[in-house]
Amino acid sequence: MRAGFPEFRLGSVLATSFTATLTERQGDPVERIPVPQRLVDWLAVNGLAVDSCTTAQLERARELRESIHLAATAAALKEPLPGAAVQVINDRSAEGRAAAILTPDGGREWRLRPSSSVEDALGVIAADAIGILAGERDGRLALCASPTCRAAFFDTSQSRTRKWCEMNTCGNRQKKARFNASQRKRPRPAE
């Protein structure tokens, strides 16, 4: 990864991984794609390599990211999907040109052409979001229990009761806070 930028939070679900390019939404937000080249880096790490990105394309990507987050949050809370967010997701999906490829192990990958643009990659992300929001994948949308994070994530655990977007960050932080609070409440032995 490029020095000077926060590390990416990579998950197994493309759409919610993309929303994790902005973290700590309810605290001190951390923008993980602050410049166009950083979006190129994120797309490459996720198998959607493109040659370049303009500032306008970065803004379109952020608009898609926020629309997916709004729609996923509504779905996790069992509320109606926001119409404007749905429109952005649908528009980005329709603009993209990519091919679904069947892998030898029976999986699906997306293939962009060598001349593909950011819009093509965003179309793949939007299509993934549509699949999740439409209930086509086995799992459930949930929100991170961390009060500063509140990231939307796709829970594929067997019990569908996962609480944290990432155990190594939000989960550990919350467990440490609970432990510290319990230590403060414990009476100290007399010296």
Problem - Pair Arg32 + Glu7: basic N to acidic O under 4.0 Å - result: no

Handout entry: side-chain contact (heavy atoms from CB on, under 4.5 Å) between Val88 and Arg60, intermediate numbers included
Key = CA-CA 9 Å; Val88 169; Arg60 289 173 69 78; over 6 Å; no

Practice task
Taking the side chain as every heavy atom from C-beta outward, state whether Val40 and Asp51 have any atom pair closer than 4.5 Å.
Solution key: no

Handout entry: Pair Asp41-Ile33, side-chain contact (heavy atoms from CB on, under 4.5 Å): steps then yes or no
Key = CA-CA 9 Å; Asp41 296 341; Ile33 54 170; over 6 Å; no

Exercise for the section: Take the angle between the ring planes of Phe18 and Trp42 and call it parallel below 30°, perpendicular above 60°, tilted in between. Expected result: tilted

Practice task
Output yes when a side-chain donor or acceptor of Asp128 lies under 3.5 Å from a complementary backbone atom of Ala15, and no otherwise.
Solution key: yes

Problem - Main-chain N/O of Phe153 paired with Thr16 side-chain donor or acceptor, under 3.5 Å - result: no

Handout entry: Verify same cluster id: Ile125, Ile130 (apolar side-chain graph, 4.5 Å)
Key = yes

Handout entry: Any donor-acceptor N/O pair, Ser93 side chain to Asn90 backbone, under 3.5 Å
Key = no

Fill in the blank from the handout: d(Cys53 SG, Gln37 CD) to nearest 0.5 Å is 8.5 Å

Problem - Flag side-chain contact, heavy atom, 4.5 Å: Val30 against Leu22 - result: no

Exercise for the section: Tell me, please, whether Phe154 has Arg162 positioned over its six-membered ring: NZ or CZ under 6.0 Å from the ring centre and within 45 degrees of its axis? Expected result: no

Handout entry: Leu133 reachable from Leu70 in the ILVMFWY side-chain graph, under 4.5 Å edges
Key = no

Exercise for the section: Group every Ile, Leu, Val, Met, Phe, Trp and Tyr by side-chain heavy-atom contacts under 4.5 Å, then state whether Leu77 and Ile89 land in the same group. Expected result: no

Completion exercise
Value for NZ (Lys163) from OG (Ser157), rounded to nearest 0.5 Å, stands at 12.5 Å

Exercise for the section: Please confirm whether the backbone N or O of Thr161 pairs with a side-chain atom of Asp155, one donor and one acceptor, at under 3.5 Å? Expected result: yes

Practice task
Check the surroundings of atom CD in Glu79: do more than 12 heavy atoms from other residues, nucleotides or ligands lie under 6.0 Å from it?
Solution key: yes

Handout entry: Side-chain ion pair, Arg62 and Glu31, N-O less than 4.0 Å
Key = yes

Problem - Test: Arg25 and Glu66 ion pair at under 4.0 Å - result: yes

Practice task
Report yes or no: do Arg108 and Thr103 form a side-chain donor-acceptor pair below 3.5 Å?
Solution key: no

Practice task
Check the pair Arg160 / Asp138 against side-chain contact (heavy atoms from CB on, under 4.5 Å), numbers first and verdict last.
Solution key: CA-CA 10 Å; Arg160 305 292 194 262; Asp138 188 26; 2.6 Å; yes

Problem - Residues Arg150 and Glu24 bridged, charged N to O under 4.0 Å - result: no

Practice task
Flag the pair Arg92 and Asp120 as a salt bridge only when some basic side-chain nitrogen lies within less than 4.0 angstrom of an acidic carboxylate oxygen.
Solution key: no

Handout entry: Shortest non-hydrogen separation from Leu143 to Ala152 and the atoms involved
Key = CD2-CA, 3.8 Å

Completion exercise
Closest non-hydrogen contact found for Leu58 with Pro34 is CD2-O, 4.0 Å

Problem - Leu39 and Arg65, any side-chain heavy atoms less than 4.5 Å apart - result: no

Problem - Separation between OG of Ser117 and CG of Leu112, rounded to the nearest 0.5 Å - result: 8.5 Å

Exercise for the section: Indicate the atoms forming the closest heavy-atom contact of Cys165 with Cys149, along with that distance. Expected result: SG-SG, 3.7 Å

Problem - Atom pair CG/CG of Asp91 and Leu122 - distance to nearest 0.5 Å - result: 12.0 Å

